[in-house]
Amino acid sequence: MNAPAARHFSPEDIAAAKAWPFEEARKLEARLKRLGRDRNPDDVVIFETGYGPSGPPHIGTFGEVARTTMVRRAFELMTGRKTRLISFSDDMDGMRKVPPHLPNQEMLGRYLQKPLTTVPDPWGSHQSFAHHNNAKLRAFLDQFGFDYEFMSATEQYKSGKFDATLVRVLERYDALMEIMLPTLGDERKETYSPILPISPKTGRVLYVPLLERDAAKGEIVFEDEDGEKIRMPVTGGAAKLQWKADWAGRWLALGVDYEMAGEDLTESVRLSNRIVKVLGGEPPAGFNFQLFVDEDGKKISKTKGNGISIEQWLTYASPESLSLFMFLNPKAAKKLYFDVIPKTLDEYWQHVEKYPSQEGAKALDNPAWHIHEGNPPAAATPVSFAMLLTLVNAVGGEPDVLKGFIRKYRPGASPEELAAADALTQYAARYFRDFIEPKRQYRQPTDQERAALTALAARLREIGDEAGEDEYHTATFDTGKAHGYEKNLRDWFAVIYEIVFGQAEGPRMGPFTKIYGAGATAKLIEDALAR
RNA sequence: GGGCCCGUAGCUCAGCGGUAGAGCAUCUGACUUUUAAUCAGAGGGUCGAUGGUUCGAUCCCAUCCGGGCUCACCA
């Protein structure tokens, strides 16, 4: 990534920037001002994203971190303040059910309701199931170069970081229950507690009512699974907060200033906002982004397997293109299906290409600025992915052949541009392998066609590999003319494409032969005739 | 049904009070040794609908229509 030095922007430029990360940054700035935090500019501003370690990181995880980072960088540019991004793993949550498709199902079944950090790793490579997934999360985020600090709920609870907040919840118990109870079903109303003790006997996270509370001592009394009444402190990891209260408590304990969440959590955010106020804190700034939907506008669900996965996206396009997808209108439900990938990839490069010619707020509104955290690359690809797909359609997915074409068509391209284009060839090659090759249909030649193609192959061999592309092209035409196509050369080419390439259309034969090699092209033809 | 969000050219989106924009796609022309590419140009929108505020609304307000999420438990 030979990105140029970050460009300088004036306060006027920044004030005029309208891209949504700047709007969000302004909301955050207003929040800090409201709290008087603008008077302590050395105060570090905290951004947070959440992660549930009962499963691997996925495209939503990427989206949340990518988008939060976009707001973070916009905020830094706007205020010059220091920031941190915490990636918080809810690894103390009880395992509600055994995730399907995992090894050691029976073993996992014995650990239901226990904190994920105490469930053994079903793959046996890490300290616990949660540790395994936490490691996956970190590798996942590192792979994209995100700047973040990983934080484990278990470690935080055990370290005492949440102690004051837990005690605070006991102190404000009634006010908190007043918020929560109306939102609960009748059955849950009876047993609800914002604090979940962890059974000292079984290690399970208990969803039981609190029989007694002593805020002064920081203690609670509850009934353990065997019916015994237990009195114990809430601090030091002996208990944890339940969802919503947990979120609110975390904001308070960690001083979170900004966190976004999916639209499905709109109500949870509202409630958690009320709770954090009751606890004496202030809700973070943020907004609810829309979920992704599939081609038919249906919600993407992992079990249904509709939509596409992050692995699929990265098979056919770059991480930067996925970032662009995340940048685009996060408040509208985005259709996430295969067809958007090539298009998004090309749009990404168009934005990169445009960036150097843009100034001030225009540049700040360019998605490339946000995708690259203020430092878009200087060089863009000189050939579009769409064009490469066309080429791949014609000449197959050989990266070296594709690279040859790129150099042929863009003789003036700089090394940086060529590098950008070359990176696209691997995606094009996979696209070819998965979507084009399986659909190829090679037509059988007629006797006349066979004679013409045989003659063409012989002629190409005769010319050899050292001739110019014009000579190959002329030879192709001459052969066609000599075999009855002088009046309709278009048909001659159709013959070549349908029989040799298995496609209705194909490459310009002269340049193709030059790049692919006359002998190799001849062999291609002969192989087709032998099919 | 209540709440929240979205609805601007075929597609993806920008514009957010002053007689509609971009990219891609489409079409036309140039080149013609096909296709692609390249260059030049064009078409395409009653800005979801209807009312209201305003000298003036895509932009503000109301209602409606369409789509998404959410309203037992869990996170």
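Letters A, B, ... are given to chains in the order of the sequence lines, protein chains preceding strands, and every chain is numbered from 1.
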Review point. What integer number of Å spans the C1' atoms of B:G10 and B:U38?
Key: 25 Å
Answer for the Watson-Crick or wobble partner of B:G56, both distances under 3.5 Å, is none
Testing B:C4, B:U33, B:C6 for proximity to the side chain of A:Lys331, the answer is B:C6
Sorted by chain and residue number, the side chain to side chain contact (heavy atoms under 4.5 Å, CB included) partners of A:Asp365 (sequence neighbours excluded) come out as A:Ala17, A:Lys18, A:Ala19
The answer to which of A:Glu267 and A:Trp20 contacts RNA chain B further toward the 5' end, by nearest nucleotide, is A:Trp20
Quick test of your reading of the model: are A:Arg250 and A:Asp90 salt-bridged, counting only N-O distances below 4.0 Å? yes
- prompt: Parallel, tilted or perpendicular for A:Phe162 and A:Tyr157, by the 30°/60° rule?
  reply: perpendicular
Practice prompt. Taking atom C1' in both B:U46 and B:G51, compute the distance separating them and give it to the nearest angstrom.
Written response: 16 Å
Across all chains, not counting sequence neighbours, the side chain to side chain contact (heavy atoms under 4.5 Å, CB included) partners of A:Ala361 are A:Ala16
B:C69 -> Watson-Crick or G-U wobble partner, both distances under 3.5 Å, gives B:G3
A:Phe325 CZ to B:C11 P, in whole Å, measures 16 Å
For B:C31, the nucleotide meeting Watson-Crick or G-U wobble distances (both under 3.5 Å) is none
Where does the angle between the aromatic ring planes of A:Trp243 and A:Trp247 fall among parallel (under 30°), tilted (30 to 60°) and perpendicular (over 60°)?
-> parallel
**Prompt:** When the ring planes of A:Phe9 and A:Trp369 are compared, do they come out parallel, tilted or perpendicular, using 30° and 60° as the limits?
**Reply:** perpendicular
Here the distance between atom P of B:U35 and atom CH2 of A:Trp492, to the nearest Å, is 17 Å
Discussion item. When the P atoms of B:A36 and B:A14 are compared, how many Å lie between them, rounded to an integer?
Written reply: 32 Å
Pick out the pairs of N or O atoms, protein on one side and nucleotides 72-75 of chain B on the other, that lie under 3.5 Å.
| from | atom 1 | to | atom 2 | distance (Å) |
| --- | --- | --- | --- | --- |
| B:A72 | O3' | A:Gly185 | N | 3.1 |
| B:C73 | OP1 | A:Gly185 | N | 3.0 |
| B:C73 | O3' | A:Arg188 | NE | 3.3 |
| B:C74 | OP1 | A:Arg188 | NE | 2.8 |
| B:C74 | OP1 | A:Arg188 | NH2 | 3.2 |
| B:C74 | OP1 | A:Gln242 | OE1 | 3.0 |
| B:C74 | O3' | A:Tyr207 | OH | 3.2 |
| B:C74 | O2' | A:Arg96 | NE | 3.3 |
| B:A75 | OP1 | A:Tyr207 | OH | 2.5 |
| B:A75 | OP2 | A:Gln242 | OE1 | 3.4 |
| B:A75 | O3' | A:Asp93 | OD2 | 2.9 |
| B:A75 | N7 | A:Trp243 | NE1 | 3.0 |
| B:A75 | N6 | A:Trp243 | NE1 | 3.2 |

Practice task
For B:C61 versus B:U53, give the span between their C1' atoms, rounded off to a whole number of Å.
Solution key: 7 Å
Item checked: Distance, C1' atom - from B:A9 to B:G23, rounded to whole angstrom -> 12 Å
Rounded to whole Å, the NZ-P distance (A:Lys362 to B:A22) equals 12 Å
A:Phe287 atom CZ is separated from B:C6 atom P, nearest whole Å, by 11 Å
Where does the angle between the aromatic ring planes of A:Tyr427 and A:Phe385 fall among parallel (under 30°), tilted (30 to 60°) and perpendicular (over 60°)?
perpendicular
Side-chain touch A:Val205/A:Pro115, heavy atoms, less than 4.5 angstrom: yes
Atom CD of A:Gln290 and atom C1' of B:G7 are separated, to the nearest Å, by 11 Å
query: What integer number of Å spans the C1' atoms of B:C69 and B:C27?
result: 41 Å
Atom NE2 of A:His351 and atom P of B:U12 are separated, to the nearest Å, by 15 Å
By the Watson-Crick or G-U definition, both distances under 3.5 Å, B:U46 is matched with none
B:A37 -> Watson-Crick or G-U wobble partner, both distances under 3.5 Å, gives none
Touch class at under 4.0 angstrom, heavy-atom based, for A:Lys97 against every strand present | nothing
Re B:C24: Watson-Crick or G-U wobble partner, both distances kept under 3.5 Å, found to be B:G10
Across all chains, not counting sequence neighbours, the side chain to side chain contact (heavy atoms under 4.5 Å, CB included) partners of A:Gln448 are A:Thr446, A:Tyr485
I'd like the P distance from B:U8 over to B:G48, given in whole Å. 6 Å
Worksheet entry | B:C71 and B:C59, which share atom name P, separated by this distance in whole Å | 32 Å
Protein N or O to nucleotides 23-26 of chain B N or O, pairs below 3.5 Å:
| from | atom 1 | to | atom 2 | distance (Å) |
| --- | --- | --- | --- | --- |
| B:G23 | O2' | A:Gln350 | OE1 | 2.1 |
| B:G23 | O2' | A:Gln350 | NE2 | 3.2 |

B:G15, OP1 or OP2 - any side-chain N/O from A:Lys18 closer than 4.0 Å?
no
Rounded to whole Å, the CZ-P distance (A:Arg274 to B:C4) equals 15 Å
To the nearest angstrom, the CG-C1' distance between A:Asn288 and B:C6 comes to 13 Å
Residues at least two apart in sequence or cross-chain that pass side chain to side chain contact (heavy atoms under 4.5 Å, CB included) with A:Leu181, listed by chain then number, are A:Met177, A:Leu184, A:Lys189
message: Whether A:Asn329 contacts B:U12 is assessed here as follows: a side-chain N or O lying under 4.0 Å from the phosphate OP1 or OP2. Is that the case?
response: no
Once the angle between the rings of A:His370 and A:Phe22 is folded into 0 to 90°, is it parallel (under 30°), tilted (30 to 60°) or perpendicular (over 60°)? perpendicular
